[in-house]
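Reviewing the structure listed below.
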Amino acid sequence: MKQFHNFINGEFVATGKTFENRAPANNRVIGLVHEAGQSEVDAAVAAAHAALKGEWGRMSVVRRAELLHAVADEIHRRFDEFLEAELADTGKPRSLASHIDIPRGAANFKIFADIVKNVPTESFQMATPDGGTAISYAVRSPLGVVGVICPWNLPLLLMTWKVGPALACGNAVIVKPSEETPATATLLGEVMNAVGIPKGVYQVLHGFGPGSAGEFITKHLGVNGITFTGETRTGEAIMAAAAKGVRPVSFELGGKNAGIVFADADFEKAVAGITRSAFENCGQVCLGTERVYVQRPIFEKFVAALKASAEGLKVGPSHEPGVNLGPLISAEHKEKVLGYYAKARAEGATVVTGGGVPEMKGEFAEGHFVLPTIWIGLPESAAVIREEIFGPCCHIAPFDTEEEAIALANATDYGLATTVWTQDLGTAHRVAAAIDVGLCWINSWFLRDLRTAFGGSKASGIGREGGVHSLEFYTELRNVMVKL
Ligand SMILES: NC(=O)c1ccc[n+]([C@@H]2O[C@H](COP(=O)([O-])OP(=O)(O)OC[C@H]3O[C@@H](n4cnc5c(N)ncnc54)[C@H](O)[C@@H]3O)[C@@H](O)[C@H]2O)c1
Ligand SMILES: O=S(=O)(O)c1ccc(CO)cc1
């Protein structure tokens with residue numbers, strides 16, 4: 001049986017207290033994960049501080065950047081191992097993980113290494129009251145030891161999205177992967193050793209949230225900042241932990257994102273776009289669209305076209321050619337999603353398609369597969385319109401005016417992302433300005449330029465990461481004023 005160890009101070013550490021890692025595609029146990037306790041967290045924090053005081057803390061930016069490029073190259077060299085590890089943990093389609101998760105997992109190291117080498121800080125000259133001159137300049141120093149608490153939906157991509165910039169800025173990180181997806185974070189430990197990242201700079205502690213590694217890391221006063229991606233409720237608990245010691249947090253949280261399709265949209269592209277935004281990664285993308293608003297003249301045609309598109313998606317295990325949707329991550333998550341499928345029916349939805357589980361054969365009958373699902377006919381107060389489901393499903397409702405579409409999209413506690421489909425530039429810019437979200441896509445979805453700000457407003461997050469915005473969180477900016 002595969003064992004997933006903690007990675008502390010450059011060594012793989014067993015704790016003897018293990019929990020099972022199961023494959024979502026067939027629910028079989030594929031590994032045992034060694035849970036870290038308070039003593040492992042203490043050891044990792046001490047090793048991280050020692051790294052900051054040692055070679056890593058003294059290393060030039062240029063050398064750090066070279067090492068991070070080497071990390072990316074080594075991930076590419078071991079691409080198939082990372083791919084198989086991610087597929088076993090998540091069950092997602094091979095095409096998705098090989099085109100997005102693993103390449104982006106590597107790219108996150110290169111892009112931030114290059115940004116850190118090239119981004120200047122500010123400098124001002126001013127006249128002083130005595131007729132002289134003073135010059136101010138800003139310098140960046142690392143935040144210190146950063147706790148990186150990760151979700152399971154894009155394990156390597158979302159972890160390196162934080163580890164890449166944190167290390168580029170000279171910090172040491174302690175990563176807590178989701179208990180559902182321990183593999184790629186652990187494998188990355190081997191990569192760090194292979195390329196010569198000093199001990200204690202990158203560490204991995206496995207476990208759960210409350211009463212386990214997640215809580216112990218976030219409560220540890222030797223952890224100087226916490227970056228977290230996950231549920232809004234978990235964010236609240238981590239924020240409370242971070243209050244002790246007034247430690248900074250960067251949060252990428254949940255969403256209940258709207259898609260808005262105007263009657264003048266390129267119809268085929270809008271259908272293809274909403275098919276992706278509602279169903280990709282089996283709906284387990286925080287940026288996904290669970291509420292779709294379609295302008296009335298094309299409402300019926302759009303519902304019929306999205307139904308046909310959803311019914312054309314192939315549900316199955318990663319290795320099957322042509323698979324579009326893998327399983328949900330766990331039995332617990334499947335129960336939650338199917339609970340919402342039942343709730344939608346109970347609240348009076350018309351089920352356009354799906355609403356249950358597909359028939360799977362052999363071992364895959366035990367997997368956590370569900371059907372892509374579309375509802376219409378619910379009031380805006382319905383649970384499936386208000387609450388984040390994180391499954392392959394959406395409700396479609398008609399709207400008449402631009403103002404109505406904006407009001408509907410904004411009527412949520414969340415504020416992460418929206419996708420708007422129109423060929424009218426004026427409409428596009430007005431809607432983008434009026435929607436209260438961190439990310440607004442026009443005629444596209446999940447199109448990323450890693451130099452841009454990423455994050456959510458309202459209950460969807462605190463702060464922005466991406467490009468120079470990541471440097472704002474992962475460094476302390478010190479102003480030096482020189483009287484000449
Ligand atoms: N905004 C974004 O960029 C973004 C991206 C991906 C996922 N998400 C969100 O993540 C959620 C799905 O991921 P999930 O189920 O893994 O989220 P989760 O909040 O349940 O868990 C995320 C991580 O937090 C840990 N954790 C849980 N409780 C903790 C605590 N009290 N203290 C410290 N750590 C704790 C977990 O062990 C896990 O590693 C969805 O809500 C989704 O919208 C947001
Ligand atoms: O900024 S990205 O790294 O591309 C990214 C993608 C998806 C999500 C949400 O699941 C978060 C960040």
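The model shown is predicted, which means the values in this text are computed figures rather than measured ones. Positions are given from 1 along the sequence. We count ligands from 1, going down the list as the structure has it; atoms in each ligand are counted the same way.
The side chain of Glu179, and not its backbone, has at least one atom closer than 4.0 Å to an atom of ligand 1 (non-hydrogen atoms only; side chain from C-beta on). Only the side chain of Leu157 comes within 4.0 Å of ligand 2, counting heavy atoms alone; its backbone N, CA, C and O stay farther away. By the criterion of a heavy-atom distance under 4.0 Å, the side chain of Asn153, and not its backbone, is placed next to ligand 1. Contacts with ligand 1 closer than 4.0 Å are made by side-chain heavy atoms of Glu388 only, the backbone lying farther away. Residue contacts with ligand 1 for Leu158 involve side-chain atoms from C-beta outward but no N, CA, C or O (heavy atoms, distance under 4.0 Å). At a 4.0 Å heavy-atom cut-off, ligand 1 touches Leu416 through the side chain alone. Counting heavy atoms under 4.0 Å from ligand 2, residue Leu154 touches it through the side chain alone. Of the heavy atoms in Arg104, only side-chain atoms (C-beta onward) come closer than 4.0 Å to ligand 2.
For an aromatic pair to be called close, the ring centres must be under 6.0 Å apart, and Tyr474 with Phe112 fails this.
For ligand 1, the polar-atom distance check against Glu231 finds a nitrogen or oxygen pair separated by under 3.5 Å. Inclusion of Thr229 in the set of residues having an N or O under 3.5 Å from an N or O of ligand 1 is not warranted.
Nearest-residue assignment for atom 23 (C) of ligand 1 (options Ser330, Pro151, Ala237, Cys150; heavy-atom criterion): Cys150. Among Cys286, Ser212, Ala241, Gly255, the residue whose heavy atom lies closest to atom 2 (C) of ligand 1 is Cys286. For the residues Thr234, Ile238, Ile329, the heavy atom positioned nearest atom 19 (O) of ligand 1 is part of Thr234.
Using a 4.0 Å heavy-atom cutoff, Gly456 is absent from the residues neighbouring ligand 1. Assignment of Phe454 to the shell around ligand 1 is supported, since a heavy atom sits closer than 4.0 Å. Under the 4.0 angstrom criterion for non-hydrogen atoms, Pro177 is in contact with ligand 1. Proximity of Gly461 to ligand 1 is not established, as no heavy-atom distance is less than 4.0 Å.
For Val315 against Pro372, the heavy-atom pair with the smallest separation is CG2-CD, 3.9 Å.
Among protein heavy atoms, the minimum distance from atom 10 (O) of ligand 2 is reached at Cys286 SG, 3.0 Å.
Distance check: Phe109 CZ to Ile197 CD1 gives 8.0 Å after rounding to the nearest 0.5 Å.
Applying the 4.0 Å criterion to heavy atoms of Leu158 picks out, from ligand 2, the atoms 5 (C), 8 (C), 10 (O), 11 (C), 12 (C). The ligand atoms of ligand 1 that sit less than 4.0 angstrom from a heavy atom of Glu215 are 32 (N), 33 (C). Of all atoms in ligand 1, numbered sequentially from 1 with element shown, those under 4.0 Å from a heavy atom of Phe208 are 37 (O). Listed by number with element, the atoms of ligand 2 under 4.0 angstrom from any heavy atom of Phe454 are 1 (O), 5 (C), 8 (C), 11 (C), 12 (C). Distances below 4.0 Å separate heavy atoms of Asn153 from the following atoms of ligand 2: 10 (O). Against a heavy-atom cut-off of under 4.0 Å, Ser178 is close to the following atoms of ligand 1: 39 (O). Atoms of ligand 2 lying under 4.0 Å from any heavy atom of Phe446, numbered from 1 in the order shown and given with element: 4 (O), 6 (C), 7 (C).
Taking the six-membered ring for Trp and thresholds of 30 and 60 degrees, Phe4 and His206 have ring planes more than 60 degrees apart, a perpendicular arrangement. Ring orientation note: the planes of Trp441 and Phe446 are tilted relative to one another, at an angle of 30° to 60°.
Ion pairing between a basic and an acidic side chain is recognised when a charged N comes within 4.0 Å of a carboxylate O; Glu252 and Arg464 show no such pairing. Remark: Arg28 does not engage Glu366 in a salt bridge, criterion side-chain N to carboxylate O under 4.0 Å.
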Q | From CA spacing to verdict: side chain to side chain contact (heavy atoms under 4.5 Å, CB included), Val271, Thr275 | A | CA-CA 6 Å; Val271 172; Thr275 302; 4.1 Å; yes
